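To keep things clear, I will list the structure first and then write my remarks on it.
Counting starts at 1 for both ligands and their atoms, in listed order. These figures come from a predicted structure and were not determined experimentally.
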Amino acid sequence: MSTPKDPLPRLLYVEDEDQTAAIVTEMLSDEYLVDHARTGEAGLELALGRRYDVMVVDRRLPGLEGAELLSAVRTAHITTPAIMLTALGTVEDRVSGLDAGADDYLLKPFDFDELRARLRALRRGRGPGSRREIGDWLFSSESLALYAPDGGRIPLTQAEGDLLELLTSSPEHVFSREEIVASAFPGGSAGSVDALVHYVRRKSTPEIIDTVRARGYRSGMPR
Ligand code: CA
């Protein structure tokens, strides 16, 4: 079946630093129709005025801040996926950015290919999910990743993400292996749960998941 070539997806990019904006706009232009706004106010006006497929928002903007912009966009029930660019790496900053309505964030300076990859992942759409704190770490089911306290991003496989989604859904609860299999991996085995726990710990930190002897596993409290 021949269909007309799809138009490029439309991307809203809010960035006040002219030099960065010029480079990023140029780089994104072969994959997206980029609308660039230099202030939070201008970005908000664009976001409210037309439909975008994805948004890239700088955290630090003069006047209306990136987090305030996203918060206003979400209040208007606009669910366009958004990545926040931030130079700030503390857990509070990241949580507030994600709480404001960002689906993912990227620490500045960022690798351009990384931005492209994140945008594609967001546009594939993992649907509404959750961003949860695990001690000083963050887990995002949308972007299928763990974020370390230093801002490092650790990609997860779908199975690893499903495991953390389950454990963090009830952080105080000790999940037996059987319970984990039944809820997250129908048809799987207790041994495959142990292997997954091992992989997640190895790629992040051993404290990310607690072993409760003779009972099972629970969401950890890593620092
Ligand atoms: Ca800025």
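- In summary, no N, O or S atom of E15 is located under 3.0 Å from the Ca ion (ligand 1).
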Legend entry - Residue pair R74, D103: steps toward the salt bridge (Lys or Arg N to Asp or Glu O under 4.0 Å) verdict: CA-CA 11 Å; R74 297 303 185 227; D103 300 278; 3.1 Å; yes
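- Between the side chain of T25 and the backbone N or O of A22 there is no donor-acceptor pair closer than 3.5 Å.
- Contact annotation: L85 places no N, O or S atom under 3.0 Å from the Ca ion (ligand 1).
- The N, O or S atom of D16 with the smallest distance to the Ca ion (ligand 1) is OD1.
- The N, O or S atom of E17 lying closest to the Ca ion (ligand 1) is OE2.
- Using a 4.5 Å heavy-atom cutoff, the side chains of T86 and L106 are not in contact.
- Note on R10 versus D53: no salt bridge recorded, every NZ/NE/NH1/NH2 to OD/OE distance being 4.0 Å or above.
- Checking each of R38, R60, K108 against E17 for a salt bridge (Lys or Arg N to Asp or Glu O under 4.0 Å) leaves exactly one that passes, namely K108.
- Restricting D58 to its N/O/S atoms, the shortest distance to the Ca ion (ligand 1) is reached by OD2.
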